Every structure is written in C-alpha cells, then in structure tokens.
J.: 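Please read through the structure below; I'll follow up with questions.
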Amino acid sequence: MRVPFIKMHGLGNDFVVLDARTDPLPPLTGKIAAALADRQTGIGCDQVIVLEPSAHADFRMRIFNPDGSEVEACGNASRAVALLHGRLARVETAGGVVTVEPASGGARIDMGAPRFDWDAIPLAYPIDTASMPVAWEGLEQPAAVNVGNPHVIFFVPEVDTVPLDRLGPLIENDPLFPERVNVNVAQVTGPRSIKLRVWERGAGLTRACGTGACATAIAAMRRGLVAGRGATVTLPGGPLEIEWMDSGRIAMTGPATESFRGSFEWDDFG
Ligand SMILES: N[C@@H](CCC[C@H](N)C(=O)O)C(=O)O
C-alpha cells in the first residue's frame with residue numbers, strides 16, 4: 001500500500017504528516033512512527049503527525065516522538081496543521097482540544113490553559129511548581145508547567161553555555177518526572193523577550209518547541225520575570241509570540257511551512 005505524506009515544519013521543528021481524515025490508514029504503532037522518523041533509514045523528522053476523524057472536534061491530531069512514544073501536544077505541529085487545513089478548526093489532541101487558525105505565513109493557536117498542580121505536571125511528589133527546590137549540577141530552582149504536555153523550565157544567565165545535550169536526557173528521565181519531561185533552558189533578554197533552548201522528551205535537541213515556548217513564557221510571567229501578559233520567545237529556529245489571555249488560555253502565533261509531498265510503501269515500515 002502506498003501512503004502519501006506531507007513534510008512540514010515550524011521554525012525548523014519538522015514533521016511527517018499523514019492525513020487519514022478521509023482515507024483511513026492501517027493502525028500506526030510507535031514502532032512504525034519511529035521507523036518513519038529515523039533520519040538515516042526513514043523519511044526523517046522530529047515528530048510524526050497523524051490526522052484522523054474526531055467525534056468531538058473538526059479532526060484529531062495524534063503525535064509521535066522519534067522514540068515511538070505517543071504524546072499529548074505539539075505547538076509547532078498545531079501551526080503546521082492549521083496551514084494544511086487552511087481555515088479555523090478545533091483539533092482534538094490527547095492533551096485537550098486546541099483551536100487553530102491560519103495567520104499570515106503561519107498560524108495562531110489557542111493552546112488551552114496551563115496547569116501548575118504537581119500531579120498535573122505530573123511530578124512524583126508534591127512540590128511548589130513555581131520554583132522547585134531541586135538541582136542538576138548548575139541547573140537549579142526550575143519551574144514546571146503542563147501545557148498539554150509536561151515541561152520543566154530553568155532560567156539561566158546564558159543559555160548557550162548550558163550543556164543541554166548532556167543534562168537534557170538526565171533530567172528528562174529523572175524519577176521526579178514519572179511521564180518524563182521536556183527540558184527548557186531560558187534566558188530573559190528584555191522586559192518582554194526570552195531566549196530558549198529545548199531538549200524535547202523522546203526527541204532530543206530540536207530547532208524549536210512550541211509547547212516549550214508557551215510553558216516558558218507562562219513560567220516567566222508567573223515569576224514576574226517579564227512584564228505583562230505577552231512575550232516573544234526566540235528559539236534556535238526563530239521567534240514565537242506567546243500571550244497569556246485574560247481567559248486564562250495561551251495563544252501562540254508563529255510561522256509554519258510546507259516543505260514537500262511524497263509517498264512511501266507501508267510494508268517497508270510496518
Ligand atoms: N515539538 C513539539 C513538542 C513535541 C512533543 C514533545 N517532544 C513531548 O514529548 O511532549 C512542540 O512544538 O511543542
């Protein structure tokens with residue numbers, strides 16, 4: 001069976017999108033997703049995205065990391081999917097329903113409300129998630145936020161000097177985080193601006209992480225590190241605009257790009 005795919009990215013965080021909204025696919029397992037995501041032997045991407053019909057929203061978006069884990073949220077893929085769909089839509093994810101709307105060159109996403117309770121992150125035990133009394137080498141006193149998926153955020157003086165390739169996997173797999181965690185290191189660069197690098201759970205270092213940008217901006221606002229309710233978060237792949245709306249929900253605005261379309265033989269990966 002030949003299956004079409006769309007290669008897309010948001011700020012260099014790249015996706016293989018399988019659109020099964022009209023023509024169903026055989027069930028996609030984590031093993032198949034990992035094989036598709038492999039940059040040496042597969043198509044290669046940071047996440048495999050599957051679009052399916054939904055009983056609760058306009059359609060459903062499933063998200064797979066390159067290690068095969070199926071996860072709850074992906075900010076950059078939400079913008080890519082908005083571009084693909086071409087109009088306002090409510091999208092069911094395992095982390096909740098998000099509203100996607102194309103905007104010039106990209107999209108604006110209503111990502112839902114952040115959660116701060118220790119068991120909503122989730123953490124292994126009760127702890128103040130605004131400023132956690134824990135440390136890994138020089139990285140200390142992080143915040144934790146769930147924006148559909150779990151994030152830990154360290155505010156540091158200089159993000160480029162943090163050995164995130166070494167500390168990222170250590171923190172991601174720490175028993176404090178029973179469902180593992182996305183690891184963000186952030187530098188406040190102005191009253192409304194933040195520089196961010198992310199070690200993604202199940203994926204490693206990526207050019208950008210939309211949910212990481214949302215979680216980091218919210219953590220900075222909660223601690224009073226930035227002024228007001230809006231911030232520009234600049235990742236290695238470029239900037240995202242994050243707003244903590246009066247409704248308590250998060251809006252993320254930024255670019256999305258379709259790179260190319262192709263197809264693959266399902267049996268080569270199944
Ligand atoms: N790239 C994403 C996040 C993808 C999922 C993440 N690795 C997880 O395991 O939660 C984004 O743009 O948000």
Side-chain angles (χ1 to χ4, degrees), residues 1-55 57-87 89 91-95 98 100 102 105-107 109 148-149 172 180 182 198-212 235-238 254-270:
M1 178 188 184
R2 259 207 105 69
V3 174
F5 69 88
I6 307 147
K7 189 75 196 292
M8 306 190 82
H9 73 89
L11 296 177
N13 181 201
D14 64 343
F15 315 110
V16 167
V17 182
L18 306 180
D19 190 350
R21 288 177 293 178
T22 313
D23 299 321
L25 286 173
L28 189 89
T29 60
K31 195 166 165 230
I32 299 173
L36 288 170
D38 193 303
R39 293 194 191 273
Q40 309 303 321
T41 55
I43 300 168
C45 62
D46 291 325
Q47 271 88 35
V48 174
I49 305 299
V50 186
L51 305 182
E52 296 177 347
S54 166
D58 292 306
F59 57 91
R60 175 179 180 217
M61 173 170 78
R62 295 175 66 197
I63 304 147
F64 292 84
N65 281 326
D67 70 352
S69 55
E70 183 169 1
V71 294
E72 312 88 342
C74 181
N76 289 326
S78 302
R79 295 199 314 283
V81 160
L83 188 76
L84 192 66
H85 188 65
R87 59 190 186 281
V91 182
E92 177 190 344
T93 69
V98 299
V100 308
I109 314 296
N149 57 355
E172 175 192 350
R180 301 189 288 156
N182 295 287
V198 186
W199 174 272
E200 281 194 31
R201 174 179 66 167
L205 288 173
T206 55
R207 300 274 304 150
C209 178
T211 50
L235 294 125
T257 308
E258 179 175 324
S259 305
F260 63 91
R261 293 184 181 221
S263 65
F264 65 90
E265 199 57 52
W266 184 268
D267 289 343
D268 291 348
F269 295 92

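What you see is a predicted model, and the numbers here were worked out from it, not measured in a lab.
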J.: Within the side chain of N65, is there an N or O that forms a donor-acceptor pair under 3.5 Å with the backbone of D67?
T.: no
J.: For the residue pair I63 and I49, establish whether any side-chain heavy-atom pair is separated by less than 4.5 Å.
T.: yes
J.: Check side-chain contact (heavy atoms from CB on, under 4.5 Å) between P102 and all other residues, then give those that pass, not counting sequence neighbours.
T.: none
J.: Which pair of heavy atoms, one from T41 and one from F269, lies closest together, and at what distance?
T.: O-CE2, 4.3 Å
J.: Identify the two heavy atoms, one from M61 and one from S78, that lie closest to each other, and give their separation to 0.1 Å.
T.: CE-OG, 3.5 Å
J.: With sequence neighbours left out, write down each residue that passes side-chain hydrogen bond (donor to acceptor under 3.5 Å, both in side chains) with N149, or none if nothing qualifies.
T.: H151, T211
J.: Does the pair E172/R180 count as a salt bridge with the N-to-O cut at 4.0 Å?
T.: yes
J.: Run the salt bridge (charged side-chain N to carboxylate O under 4.0 Å, His left out) test against D19 and tell me which residues pass, sequence neighbours left out.
T.: R21
J.: So do the side chains of F64 and V16 get within less than 4.5 Å of each other, counting heavy atoms only?
T.: no
J.: Among residues at least two apart in sequence or on other chains, which ones pass side-chain contact (heavy atoms from CB on, under 4.5 Å) with R2?
T.: S263, E265
J.: Would you mind writing out the side-chain donor-acceptor pairs for residues 25-33 within the sub-3.5 Å range, not counting sequence neighbours?
T.:
| from | atom 1 | to | atom 2 | distance (Å) |
| --- | --- | --- | --- | --- |
| T29 | OG1 | I32 | N | 3.2 |

J.: At their closest point, which heavy atom of G10 faces which heavy atom of A208, and how far apart are they?
T.: O-CB, 4.0 Å
J.: Could you give me the CA-CA distance, side-chain angles and deciding distance for L84 and L51, then say whether side-chain contact (heavy atoms from CB on, under 4.5 Å) is met?
T.: CA-CA 11 Å; L84 192 66; L51 305 182; 3.9 Å; yes
J.: Under the ring-ring contact (aromatic ring centres under 6.0 Å, His included) rule, collect the residues that match up with H85, sequence neighbours excluded.
T.: F59
J.: Could you name each residue pair satisfying ring pair (Phe, Tyr, Trp, His ring centres under 6.0 Å) that touches residues 14-51, not counting sequence neighbours?
T.: none
J.: Side chains of H9 and S259, heavy atoms from C-beta outward: is any pair under 4.5 Å?
T.: yes
J.: Does the side chain of Q47 come within less than 4.5 Å of E200's, by heavy atoms?
T.: yes
J.: Name all residues meeting the salt bridge (charged side-chain N to carboxylate O under 4.0 Å, His left out) criterion together with D38; count only those two or more places apart in sequence or in a different chain, and write none if there are none.
T.: none
J.: Looking only at heavy atoms, which two atoms of K7 and C45 are closest? And how far apart?
T.: CE-CB, 4.1 Å
J.: Which of parallel (below 30°), tilted (30 to 60°) and perpendicular (above 60°) describes F5 and F264?
T.: tilted
J.: Locate the shortest heavy-atom distance separating G238 from L11; write the atom from each residue and the value.
T.: O-CD1, 3.5 Å
J.: Is a side-chain donor or acceptor of R261 paired with a backbone partner of P4 at a separation under 3.5 angstrom?
T.: no
J.: Excluding sequence neighbours, so at least two apart, what forms side-chain hydrogen bond (donor to acceptor under 3.5 Å, both in side chains) with E92?
T.: S54
J.: Please report the closest heavy-atom contact between P66 and A203, naming both atoms and the distance.
T.: CD-CB, 3.7 Å
J.: Residues in salt bridge (charged side-chain N to carboxylate O under 4.0 Å, His left out) with D46, at least two apart?
T.: R39
J.: Taking side chain as C-beta onward, heavy atoms only, is L235 less than 4.5 Å from N13?
T.: no
J.: Name all residues meeting the salt bridge (charged side-chain N to carboxylate O under 4.0 Å, His left out) criterion together with E52; count only those two or more places apart in sequence or in a different chain, and write none if there are none.
T.: R60, R62
